Every structure is written in structure tokens, then in C-alpha cells.
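A quick note: this is a predicted structure, and the numbers were derived from the prediction, not measured.
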Amino acid sequence: MCEAHETGNCTEHASGHGGEHLMGRRALLVTGTATALTLGTVTFASAEERDPSDKADKADKAGEETKVVRGTLPTGSPDFVYLPVQVPGGVREIHVAYTYEKLPVPAGTAGNALDIGIFDERGTELGGRGFRGWSGGARTEFFIRSDDATPGYIPGRIRPGTWNIALGPYTVAPQGLPYEVTITLKYGEQAPTPMPVYPPGRAKGRGRAWYRGDCHLHSWYSDGKRTLAEIAAAARAAGLDFINSSEHNTHAAHAHWAPEAGDDLLILTGEEITTRNGHIVALGMDPGTFVDWRYRARDNRFGHYAREVRRAGGLVVPAHPHATCIGCNWKFGFGEADAVEVWNGPFTPDDEVSLQSWDNTLQANRGTWTPAMGSSDAHTPADRIGTPQTVVLADDLTREAILAGIKAGRSYIVESAAVSLDFSAAGGRGKHAGIGGRLAVDRDDPVTVRLEAKGVPGCTLRFVTDQGTLFTSATVPESGTLTAEWRTTASYASYVRAEVRRAPQVPQLPGPLAAFTNPIFLGR
């Protein structure tokens, strides 16, 4: 059922080949549930209707037409408001610009923030068949042509039919959110659409070795400030072997990464699926894959789209689960997670909460645990790519091998390439286990846990178990290298993981992390 509502002040202004006119009120239509709202359709004349003369040449039929829609969204608006645009034949480019008022609000009250994107004539249904781009709040305008598009948007044929501009009222001030959308259609011949070229799934590796990567990065294809070339250069300077493309709610960058890849840098393709109840890094999906984000935890949709990520060969990684930004806190549970981003950017208190929450989920005796990882979430040149970085034991520098190592938990997380760890456990009759593994020993067999850390002067080394921290070393000397050993049994510690901490900044609290490992489990 659809229900009509009057907006009170929504108007449309048209200009272009057909002159100008002012239209009155327009209706808002609720589509399906209260999670989406549809405005009345904006219509344009076709090229033939604009100049039906048989004698008119192509130059006369070319040109453009513009219409403007204004309105105000109230507080409590649904997550998405769709503005249908009837696109006629003969259109070669769609250009959309928008503005909205950032009204004053009391301290502690959310002000206005309005996102934007677009779906083509294939529709707005969940699954994204009609998806043609999203820029969130990063841009005030965009265009789409058959041969090019604004970063974040997908080039391709402008086919006639009903397109939908998607508005996302992220937050709405108590006074409401006044907005204006300007739609321009440019008429003429369409150029051929180039075939996308994607980065290869393999780089020149070192065989089975430790590889360093940063899997959460943003470029100008979403809300980042770096170009792809700048990101690749910064990744190489940070000593990384692989990175993952993770733009907010768009796969538009995938087709532009190939020139930045090389024997020394593997570029994986993914997406940061940015929902209103948490963000997911879709890591290492098939190039060209888009995964929808238009749902909340209450909609019971996340499991379906987590499976979509895995069907595309990727991993599901909840990002910054305890971040404090609106909509960032993780609400979906961890049953579908392949790994968890415990450390996001420079180490902060919310990362500490994420680390401790993750530690509380480790289940040594059930074989069902979710590995931790860390990434920079770099957006601007001031954000250091590779701080932190995940160091993965993989059979080679390939997409499949890197993802397998992350999913198995054969990894540790460090603040930079200057830091390296060697962590292992030995016991029983010559048995050994490394990070993410299990040392199969009897409950009372002696076990020796050993950590060698390099590049961490002034830090301390700690061993953390299911009971908590049971060992802390002396301060690492200026050489930056220290080896620590600790003896235990499987009955005393069902798992052991290692941390390297800097000096405490607040008395009685642990210092910031310089590095930590996934656990080694003890026992049969």
C-alpha cells in the first residue's frame, strides 16, 4: 500500500528549451515500509518533443533542460527519500546538484546532513540492480554519461525510463531539513562505454611469507581526499604488500585501480558497506561487485548481504565496531563476521573497547572464533596509510592466499612497518603452534610461549589469556628488540595472545598498543 502526504512547501521549477513554469505542491509517497519515501515524478520532454521539426539538424536538437525540486524533510524521516525522474530518449548526460540548509541546533543535538546517490531505470529495489552511484555527503553535484562519470558513479548508457535520485537524510535538525535538487538533462549522441579493466589478483610474492596490508582506505571515489595514485604511492612508502579498495557504498573505483597495481603491490577490490547500524568492510570481492547498504539490524537483511560478499569471494569484516560517530556503532552481531576490525587508525579509547570486547568473544574449546585485524581507515593526506597494518602469513601474494590467511587468523597487527613480531608456543613432545593455531597438548603438559618483538623501544610485552594479562615484561631497550618467554599449561590458559604496549598515558590504565597478535589456543 502507498500513502500520500502533503509536504507543505515542495515545489518544482523548470527551465530550458520549453521555457519556464512553476508547479504547485507535490505529494510524497511512502513505498512499502516507512524506511523509504518517494516524491512525485519529475518529467522532461524528449528530444523529439523539444524540436519535432523534420528539418531540424542534430545541433538544433542538442542542448539541455533543467528542473529544480525544493522541499523540507521533517525529523523522523525515513532513511531514504527517492526523487523519480522520467528520463526520455535522446539524453546523453544526467547532471544533478543539490544543496540543503545547515540550521543552527543546540549543543549535543544532531544538525542536518543529507547524502545523495542515484539509481537508473532498473529500479531501487534492494540488491542494487539499478545502482549507478553514491557520494554520500562528499559532493554537491555529479554527472553520469555513457563514457564517464563523477568519481563514485558508474558510467554507462543513459537509457530512457524512470531514474531515481536517492536522498539519504543522515541526520535531521529539529526544525527540519530544507533541500533543493537541480536536475539537468543534456541531449545528444552517446559515446561508447569503455570496458572496465581491473587490477590483477596476483603480485610477485615471496612464497609462504608474512605480507603487510591495509584493508580500509578511502579515495576521492567516496569521501577521501587522495587520488588512487596517491594512495598507491603512500602504501608503497609504508612498506605494504597489499591494500583493499573500500569506498563507501560504491564499487566505482574498481575499474580505475589497474594502473596503480604492480609486482610489488596487490590491490584487492571491496566496499565499505555503510549502513545506519554499523559499517562492514567487504574485503577482496570479485572486481565490479556492488553490495547494498540500505537496511538496518531490525530489517533482518544483513545475513543475506553477508552471504553476497562471500559469494563474490570476499570476507565480511565489521569495521570500528565501537566508534562513536552516528550510525557507526555495530548492531548486527558477529555471527556472520569472518574477521573484526579491532584497531582503526591511530589507537584510541574506542579501539581499546573494541579490543577488549573482541577478547571476550574468544572461545578456545569450540573452534569458533573470529580473528582480529587492523586498518588505517585513511581519508586525508594527514591520515597515515599503514597505521595500523595487518601482517598476514600467506602462501603467496595472491588474493586467495591473503584472504585465507586473514580468515584463519594467521596474522598480527602493528602500528607501522618498523614493527615486527615472532610469536609461538611449544610443548608436549616437540609440538609447535603459531599465531592463529592450536597447540594440541594435554591439560597439564608444560607449554612455553615465546615472543620476539622488534622496532618497539620503550614498550612492554604482555601475554594475555582467557583470565586476563598474566605476564608483563621489562621495558624494551633503545635497541627496540626484546624477547620474552612465559611458561604455562592448557589448564591454566586456554589461549595466549601477545600485546606490545607503549607507556601508559593515564595512571592505572594500559598504554596504547604498538602491536598485538591473534591468539594461539592451547589444549586438545
> Between Thr289 and Thr269, does a side chain to side chain contact (heavy atoms under 4.5 Å, CB included) hold up when you go through it step by step?
Replying inline: CA-CA 8 Å; Thr289 299; Thr269 50; over 6 Å; no

For the aromatic rings, using the six-membered ring if either is Trp, is the centroid distance between Tyr412 and Trp210 under 6.0 Å?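 Centroid distance Tyr412-Trp210: below 6.0 Å, so yes.
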
Contact summary for [X] and [Y], nearest pair of heavy atoms:
{"X": "Glu272", "Y": "Ala319", "value": "OE2-CB, 4.3 Å"}
{"X": "Tyr187", "Y": "Ala45", "value": "OH-O, 2.7 Å"}
{"X": "Arg276", "Y": "Gly168", "value": "NH2-C, 3.8 Å"}

Review point. Going by the angle between their ring planes, with limits at 30° and 60°, are Phe131 and His251 parallel, tilted or perpendicular?
Key: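 Ring orientation of Phe131 relative to His251: tilted.
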
In terms of the angle between their ring planes, are Phe142 and Tyr153 parallel, tilted or perpendicular, with boundaries placed at 30° and 60°?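 If you compare the ring of Phe142 with that of Tyr153, the planes turn out parallel.
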
Check whether [X] reaches the backbone of [Y] with its side chain - one donor and one acceptor, N or O, closer than 3.5 Å.
{"X": "Asn518", "Y": "Pro371", "result": "no"}
{"X": "Asp115", "Y": "Gly137", "result": "yes"}
{"X": "Ser375", "Y": "Asp214", "result": "no"}
{"X": "Tyr305", "Y": "Gly127", "result": "yes"}
{"X": "Arg132", "Y": "Ile144", "result": "no"}
{"X": "Thr250", "Y": "Gly133", "result": "no"}
{"X": "Gln190", "Y": "Val91", "result": "yes"}

Check your understanding: Does a side-chain heavy-atom distance below 4.5 Å link Arg384 with Ser376?
Key ->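 No, too far: nothing below the 4.5 Å cut-off.
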
Which donor-acceptor pairs under 3.5 Å do the side chains of residues 322-330 make with protein atoms, sequence neighbours left out?
| residue | atom | partner | partner atom | Å |
| --- | --- | --- | --- | --- |
| His322 | NE2 | Ser357 | OG | 3.2 |
| Asn329 | ND2 | Ala323 | O | 3.0 |
| Trp330 | NE1 | Gly333 | O | 2.8 |

Any salt bridge linking [X] with [Y]? Criterion: basic side-chain nitrogen under 4.0 Å from a carboxylate oxygen.
{"X": "Arg296", "Y": "Asp79", "answer": "yes"}
{"X": "Arg301", "Y": "Asp292", "answer": "no"}
{"X": "Asp241", "Y": "Arg212", "answer": "no"}
{"X": "Arg399", "Y": "Asp286", "answer": "yes"}
{"X": "Arg139", "Y": "Glu141", "answer": "no"}

For this session: Mind jotting down which residue pairs meet the side-chain hydrogen bond (donor to acceptor under 3.5 Å, both in side chains) criterion with at least one end in residues 158-167? Sequence neighbours excluded, please.
Result: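 Output for this query lists Gln86-Thr162, Asp120-Arg159, Glu121-Arg159.
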
Atom pair CZ (Phe516) and CG (Asp351), whose distance is rounded to the nearest 0.5 Å =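 The distance works out to 9.0 Å.
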
Just verifying a value: how many Å separate Asp396 CG and Lys204 NZ, rounded to the nearest 0.5 Å?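 Here the interatomic distance stands at 11.5 Å.
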
Please list, one pair per line, the donor and acceptor atoms closer than 3.5 Å that link side chains of residues 307-314 to other protein atoms, with sequence neighbours excluded.
| residue | atom | partner | partner atom | Å |
| --- | --- | --- | --- | --- |
| Arg307 | NH1 | Gly303 | O | 3.4 |
| Glu308 | OE2 | Arg311 | NE | 3.4 |
| Glu308 | OE2 | Arg311 | NH2 | 2.6 |
| Arg310 | NH1 | Glu336 | O | 2.8 |
| Arg310 | NH1 | Asp338 | OD2 | 3.3 |
| Arg310 | NH2 | Glu336 | OE1 | 2.3 |

